[in-house]
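Read the structure below first, then the notes.
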2 protein chains.
Amino acid sequence: MIDEGVSLGEARDEFVTQWGIMGAQWGINRTMAQIHALLMTAPDVMSTDEVMETLEISRGNAHTNLKDLVSWGLIRIVTKKGERKEFFEAEKDVWEIFRRVARERKRREIEPALETLRNCKAASEGMKSPEGRAFHEQMDQLEDFVSFASRMGDRVASMQHGKAIKLAMKFFS
Amino acid sequence: MIDEGVSLGEARDEFVTQWGIMGAQWGINRTMAQIHALLMTAPDVMSTDEVMETLEISRGNAHTNLKDLVSWGLIRIVTKKGERKEFFEAEKDVWEIFRRVARERKRREIEPALETLRNCKAASEGMKSPEGRAFHEQMDQLEDFVSFASRMGDRVASMQHGKAIKLAMKFFS
DNA sequence: ATCTGCTTCCAGTATTTACTGAAAGTTCAT
DNA sequence: ATGAACTTTCAGTAAATACTGGAAGCAGAT
């Protein structure tokens, strides 16, 4: 196919763009999502400069977002022998990506939320007025739900792919 | 308890503030999340003016976000007989809240993402180069995963609370 | 037809968030 | 110790997003 290179490039661009939009909707910075998409579909590791060129972004921007992706565990730094430059490569296994995102969001967002719910619950403990009791009850239910969901997340995230599939099958039975 | 009113107010403020921050991290506008928190913990229905006053926001802002919450199915409009004003009340059942958020996010965000993945998959169908094949394979895996997760979401969201709990118990067995 | 009480829209503005580019920092080779 | 190759930081700026307040729209009462 004479233009496979071109059309592959186009498909990849499309993917990068859309992954960026999607990330933004989920509270992830667009550039970070784009770099992630780029690396997920890169046939080989990429340097900061290659990322900069491809997405037409500044060094600072590329650097910040690459480091963030590393801290999320979604990409890793690779060094080539004889070269001082750092290269990056993305985790490509979809289940592994899911697990890492789940783990990080839990740590960064769920845990603090639970903390707040527990505070609000404690602050309204033992109130006698109907309003106070209703508030306490609402906090209690939210806390229950969120901590339950959090434990579910842990459980799923700690599973191997195969086991998760099996369980899901049971779920659909 | 002589200051129960005050401390309840404080606890509620804390909850509203933190729910707002949390919402923002999940890609939901802060004010929208705050109004939601406010109504979830309101002992009674509230009017637009009450919301405006409590959160110290403009009419336009309150209006937009109240309507958005209605479109998410998280609050509903209530009218009192003899009054022309609209009042709002929040869904308070945690499971129901979860179901509605899941359903909307699926519709608004997952479906379009799947669409893109399918496009990219189709665009790289039958490519011969290793890069093309790798890309196609990656899109395929992502599409599988996302559509699977989406079906799981449907399944859970269509369950009654009691049944979900039972299933979850089985899950932890 | 006009007024009143309320809802909706939207142009302009403020706030937040993201990005740039240049300078400073680091590390290793010589 | 100097310099080359690369990474990191950050003040300033640009872009995106959210908010305000007034004006327009709408519907029921008079």
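Distances shorter than 4.0 Å separate some side-chain N or O of A:Lys67 from OP1 or OP2 on D:dT8. Within the 4.0 Å cut-off from OP1 or OP2 of D:dT20, at least one side-chain nitrogen or oxygen of B:Asn61 is found. For D:dT7, neither phosphate oxygen OP1 nor OP2 lies less than 4.0 angstrom from any side-chain nitrogen or oxygen of A:His63.
Atoms CD (B:Glu56) and C1' (D:dG21) sit 16 Å apart, rounded to a whole Å. Distance B:Asp68 CG to C:dC9 P: 11 Å, rounded to the nearest Å. Rounded to whole Å, the distance from NZ on A:Lys80 to P on D:dA5 is 17 Å. Note: CE (B:Met52) to P (C:dC6) measures 12 Å, nearest angstrom.
For DNA chain D, the neighbouring residues in residues 13-49 of chain B, judged by any heavy atom under 4.0 Å, are B:Asn29, B:Thr31.
Grouping Ile, Leu, Val, Met, Phe, Trp and Tyr by side-chain contacts under 4.5 Å, direct or through others, puts B:Phe87 with B:Val45, B:Val78.
Between its opening and closing five pairs, the helix from C:dA1-D:dT30 to C:dT30-D:dA1 changes axis direction by 0°, a value rounded to 10 degrees.
If you check the side chains of A:Gln141 and A:Glu137, you find a donor sitting under 3.5 Å from an acceptor.
Between A:Thr64 and A:Glu83, the residue whose closest nucleotide on DNA chain D is further toward the 5' end is A:Glu83. Mapping B:Ile57 and A:Glu86 onto DNA chain D via the closest heavy atom, the residue that lands nearer the 5' end is A:Glu86.
For C:dG5, its base sits under 3.5 Å from the side chain of B:Arg84 at one donor and acceptor pair at least.
The aromatic rings of B:Trp95 and A:Phe145 stand perpendicular to each other, their planes meeting at an angle above 60°, with 30° marking the opposite boundary.
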